[in-house]
Amino acid sequence: MSSKRPFYITTAIAYPNGVPHMGHAYEAIATDCIARFKRLDGYDVRFLTGTDEHGIKMLQTAQKAGLTPRELLARNVPRFQAMVEGFGLSNDDFIRTTEERHKASAQAIWEKMAANGDIYKSTYAGWYSVRDEAYYAEDETTLNSDGVRLGPQGTPVEWVEEDSYFFRLSAYQQKLLDYYAANPGFIMPEARRNEVVSFVSGGLQDLSISRTTFDWGIPVPGDPKHIMYVWVDALTNYITALGYPDTQADLFRTYWPANLHVIGKDIIRFHAVYWPAFLWSAGLAAPDRVFGHGFLFNRGEKMSKSVGNVVDPFDLLAAYGVDPVRYFFLREVSFGQDGSYSHDAIVARMNADLANDLGNLAQRSLSMIAKNLEGVVPTPGALSAEDEAILSLADGMLEKAREAMESQAIHHYLSAVWAVVAEANRYFAAAAPWALRKTDPEKMGTVLWVTAEVIRQIAILAQPVMPTSAAKLLDLLALPEDVRDFAHLGAGHRLASGGTLPAPVGVFPRYVEPEAAG
RNA sequence: GGCAGCGUAGCUCAGUUGGUGAGAGCGCCGGAUUCAUAACCCGGAGGUCGGCGGUUCAAGUCCGCCCGCUGCUACCA
């Protein structure tokens with residue numbers, strides 16, 4: 001067991017009845033950025049992602065394609081795994097809910113909840129929307145002009161009457177409200193918390209948690225005609241991956257309760273209401289925080305197949321490269337709010353922030369070291385007020401970044417780092433080392449050292465967003481692998497003088513439009 | 001209908017508990033420079049802070065009403 005503080009972070013598990021879209025990738029890179037940040041900041045991080053593979057929608061999609069569910073999964077899940085790979089995720093595990101370990105886990109939590117008296121059998125009759133995965137009361141539905149009955153979301157519903165097991169969610173209303181009150185950071189952003197509190201305050205109905213109308217799911221223990229409601233199945237993935245039901249094993253003891261579930265704002269209720277109740281019922285602790293991120297829009301429009309503006313995340317990778325795409329989404333979008341993207345916006349960020357500001361700064365300063373100092377890191381002389389000022393700003397980045405990341409304000413963390421990039425450019429221009437080369441070579445060396453030191457700290461802090469590019473930058477500074485974590489930021493670990501640097505190469509190329517088709 | 005939030009320069013947005021002449025980035029215009037990825041640096045253009053009214057010595061920042069937008073939720077039908 002590690003002496004480091006544990007940090008367990010998860011994405012939601014993706015529903016692979018289709019191929020990955022940019023929304024999946026967005027959640028993945030944001031969560032990965034947080035995981036990497038915590039790891040570099042000295043935490044013992046466990047990072048989980050995966051796929052949610054049961055449920056009637058999966059079955060129906062497969063049937064439409066003339067496939068079995070397993071065949072559909074065999075076709076789609078590798079795409080999600082390729083996305084995880086392609087976007088550079090540092091996950092420790094990839095869970096699939098069709099795995100045997102998960103079946104055992106889901107059945108175990110069911111039995112715990114049943115043993116606690118929270119599950120009872122009754123009859124459910126009502127209107128069910130497959131698309132919404134939800135039941136509606138008669139008066140919540142409407143008949144449209146074609147005689148088709150629709151649910152409140154406008155999706156078709158069908159009459160379902162079946163035996164069902166119910167979870168006594170109503171018994172947890174007050175406990176949930178108390179938990180929200182005692183843990184104001186449980187649901188973030190705050191606006192989401194208000195919505196959940198308001199919803200729970202309005203009263204909770206018991207939840208139907210089994211189905212008998214189809215069989216693509218995990219059988220209810222002792223009553224295999226029933227399969228579990230997908231959310232009981234899906235949410236449990238977070239503990240399955242820690243070895244549940246073996247709650248005494250190191251993995252579970254170390255990492256549960258989870259520190260952070262990163263999810264889309266559309267599934268807040270399942271994570272902030274149902275999930276804690278299930279856990280308490282099973283005698284387990286609720287997670288520390290559920291963060292609901294926003295949705296992405298393509299040029300301000302919601303992505304939809306009919307509009308034809310669905311963006312394939314792999315296309316973005318091919319067009320811009322993984323690190324620029326990661327940087328763009330994490331910098332441009334306020335984490336927790338909806339965001340918009342477009343080719344122009346991505347290129348603007350890529351060229352302005354990465355190529356012009358950071359990349360060019362590294363290139364111009366390092367190439368001066370290469371050309372004038374034979375690639376040897378100079379020894380600084382006496383530091384001027386300007387030297388001290390920029391170093392002090394660089395030293396202050398970590399605190400600001402940490403503070404931002406405490407509330408998952410990824411965009412604030414990045415803007416704090418890039419504010420220093422901008423200031424470093426001003427510093428460099430004002431110090432004009434190319435002029436000092438003739439008038440005051442020692443001072444030129446000092447300026448180049450200060451600049452390289454500032455770049456060192458920026459690169460270390462850029463690792464969570466752009467792991468590959470930041471590593472290249474650190475390679476250019478000949479920084480050993482074991483001194484690239486946040487413990488090596490600040491005045492206590494300045495860039496060593498005297499070392500020889502490799503020949504500088506561009507790390508962040510400008511994006512130039514491909515030649516117009518001729 | 002209820003609850004919550006939002007509406008600030010062309011665009012995307014910051015603006016702590018009300019107090020020097022309202023900001024940043026991008027874009028645009030002009031200048032400077034040549035170490036560098038035609039990049040960096042400097043300067044500028046420039047918005048009735050959605051509208052009206054109010055509180056205050058002082059409001060983008062508080063109160064009321066109105067308009068527009070978003071989310072959650074309820075209900076009518």
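All chains are named by letter (A, B, ...) in the order of the sequence lines, taking the proteins before the strands, and each is independently numbered beginning at 1. The figures here come from the full heavy-atom set of this structure, side chains too, leaving out hydrogens, waters and symmetry mates.
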Could you tabulate the donor-acceptor pairs under 3.5 Å formed by side-chain atoms of residues 457-469 of chain A, not counting sequence neighbours?
unit_1, atom_1, unit_2, atom_2, d
A:Gln457, OE1, A:Gly490, N, 3.1
A:Gln457, NE2, A:Asp395, OD1, 2.7
A:Gln457, NE2, A:Glu453, OE2, 3.0
A:Gln463, NE2, A:Ile460, O, 3.0
A:Gln463, NE2, A:Arg484, O, 2.7
A:Ser469, OG, A:Asp323, OD2, 2.6

Worksheet item: Are the aromatic ring centres of A:Phe335 and A:Phe291 under 6.0 angstrom apart?
Response: yes
Worksheet item: How far does the P atom of B:G7 sit from the matching atom of B:G60, given to the nearest Å?
Response: 15 Å
Item to complete: For this output row, return yes or no: ring centroids of A:Tyr413 and A:Phe37 closer than 6.0 angstrom.
Response: yes
Polar pairs (N or O, both sides) under 3.5 Å between protein and nucleotides 26-32 of chain B?
none

Item to complete: Could you state the atom-to-atom distance from CZ of A:Arg426 to P of B:A36 in whole Å?
Response: 22 Å
Discussion item. Under a 3.5 Å cut-off for both contacts, is B:G25 paired Watson-Crick or G-U wobble with anything, and if yes, with which nucleotide?
Written reply: B:C11
Discussion item. With salt bridge (Lys or Arg N to Asp or Glu O under 4.0 Å) as the rule and sequence neighbours excluded, what pairs involving residues 346-363 of chain A come up?
Written reply: A:Arg331-A:Asp353, A:Glu332-A:Arg349, A:Arg349-A:Asp353
Item to complete: Measure from the side-chain heavy atoms of A:Arg364 and tell me the nearest of B:A36, B:U37, B:C41.
Response: B:A36
Worksheet item: In chain order, what residues pass the side-chain hydrogen bond (donor to acceptor under 3.5 Å, both in side chains) check against A:Thr451, with sequence neighbours excluded?
Response: none
Discussion item. Checking A:Trp275 now: which residues fulfil side-chain hydrogen bond (donor to acceptor under 3.5 Å, both in side chains) with it, not counting sequence neighbours?
Written reply: A:His261
Item to complete: Anything under 30° is parallel, anything over 60° is perpendicular, the rest tilted; go ahead and classify A:Tyr511 against A:Tyr320.
Response: tilted
Worksheet, complete the sentence: Whole-Å distance, A:Asn360 CG to B:C35 P, equals 13 Å
Fill in: Residue pairs passing the side-chain hydrogen bond (donor to acceptor under 3.5 Å, both in side chains) test where at least one lies in residues 414-424 of chain A, sequence neighbours excluded
A:Glu423-A:Arg426
Fill in: Whole-Å C1' distance, B:A32 and B:C52
49 Å
Fill in: Length of the CG-C1' vector between A:Leu354 and B:G25, whole Å
14 Å
Discussion item. For a quick check of understanding: with a heavy-atom distance under 4.0 Å over all strands, which category does A:Arg510 fall into, base, sugar-phosphate or nothing?
Written reply: base
Fill in: Length of the NZ-C1' vector between A:Lys443 and B:C35, whole Å
16 Å
Worksheet item: Does B:A58 have a Watson-Crick or wobble partner in any strand here, with both distances under 3.5 angstrom, and which is it?
Response: none
Discussion item. Looking at B:U33, which nucleotide sits across from it as a Watson-Crick or G-U wobble partner, both distances under 3.5 angstrom, or is there none?
Written reply: none
Fill in: B:G51 and B:U56, which share atom name P, separated by this distance in whole Å
23 Å
Side-chain donor-acceptor pairs under 3.5 Å in residues 367-376 of chain A, sequence neighbours left out?
unit_1, atom_1, unit_2, atom_2, d
A:Ser367, OG, A:Gln363, O, 2.8
A:Ser367, OG, A:Arg364, O, 3.4
A:Asn372, ND2, A:Met368, O, 3.0

Worksheet item: Taking atom P in both B:C62 and B:U20, what distance in whole Å separates the two?
Response: 16 Å
Worksheet item: Going by heavy atoms closer than 4.0 Å, what residues in residues 366-386 of chain A are next to RNA chain B?
Response: A:Ser367, A:Met368, A:Lys371
Item to complete: Any strand is fair game: report the nucleotide pairing with B:U17 by Watson-Crick or G-U wobble, both distances under 3.5 Å, or none.
Response: none
Discussion item. Taking only the C1' atom of each, what is the distance from B:U17 to B:C13 in whole angstrom?
Written reply: 23 Å
Worksheet item: When we call it a touch if two heavy atoms are under 4.0 Å apart, what does A:Val447 touch: a base, just sugar-phosphate, or nothing?
Response: nothing
Response to the item:
Mate of B:G1 across any strand shown (Watson-Crick or G-U wobble, both atom pairs under 3.5 Å) is B:U73
Discussion item. Counting the atoms with a prime plus P, OP1 and OP2 as sugar-phosphate, which does A:Gly359 contact under 4.0 Å by heavy atoms, base, sugar-phosphate, or nothing?
Written reply: base
Worksheet entry | Atom pair distance, as rounded to whole Å: CD1 in A:Ile455 and C1' in B:C40 | 13 Å
Practice prompt. Report the residue from A:Leu169, A:Thr236, A:Asp118, A:Leu207 that forms a side chain to side chain contact (heavy atoms under 4.5 Å, CB included) with A:Phe278.
Written response: A:Leu207
Pairs under 3.5 angstrom only: tabulate donor-acceptor contacts from the side chains of residues 177-190 of chain A to other protein residues two or more places apart or in another chain.
unit_1, atom_1, unit_2, atom_2, d
A:Asp178, OD1, A:Gln174, NE2, 2.9
A:Tyr179, OH, A:Pro287, O, 2.8
A:Tyr180, OH, A:Ala272, O, 2.6
A:Asn183, ND2, A:Tyr179, O, 3.0

Fill in: salt bridge (charged side-chain N to carboxylate O under 4.0 Å, His left out) involving A:Asp32 - partner list, sequence neighbours excluded
A:Arg36, A:Arg326
Discussion item. Taking pairing as Watson-Crick or G-U wobble with both contacts under 3.5 Å, can you name the mate of B:A45, or confirm there isn't one?
Written reply: none
Worksheet entry | Inter-nucleotide P distance (B:G18, B:A59), Å rounded | 13 Å
Which atom pairs, donor and acceptor, lie under 3.5 Å between side-chain atoms of residues 428-444 of chain A and protein residues at least two apart or in another chain?
unit_1, atom_1, unit_2, atom_2, d
A:Thr439, OG1, A:Ala435, O, 3.4
A:Asp440, OD1, A:Lys443, N, 3.2

Discussion item. I'd like to know whether the aromatic ring centres of A:Tyr238 and A:His271 sit less than 6.0 Å apart in this structure.
Written reply: yes
Fill in: Where protein sits on nucleotides 1-16 of chain B, one letter per nucleotide: B base, S sugar-phosphate only, - none, heavy atoms under 4.0 Å
---S------------
Worksheet item: Given the C1' atoms of B:G10 and B:G46, what is the spacing between them in whole Å?
Response: 11 Å
Worksheet entry | Span that lies between the P atom of B:G2 and that of B:C65, in whole angstrom | 11 Å
Discussion item. How many whole angstroms separate atom CG of A:Leu358 from atom P of B:C40?
Written reply: 13 Å
Worksheet item: In whole Å, what is the span from the CG atom of A:Leu436 to the C1' atom of B:U34?
Response: 15 Å
Worksheet entry | Value in whole Å for how far the C1' atom of B:G25 lies from OH of A:Tyr327 | 10 Å
Practice prompt. Quick one: label A:Asn356 by what it contacts on the DNA or RNA (base, sugar-phosphate, nothing), any heavy atom closer than 4.0 Å.
Written response: sugar-phosphate
Practice prompt. Go ahead and name the base partner of B:G68; Watson-Crick or wobble counts if both distances stay under 3.5 Å, otherwise write none.
Written response: B:C6
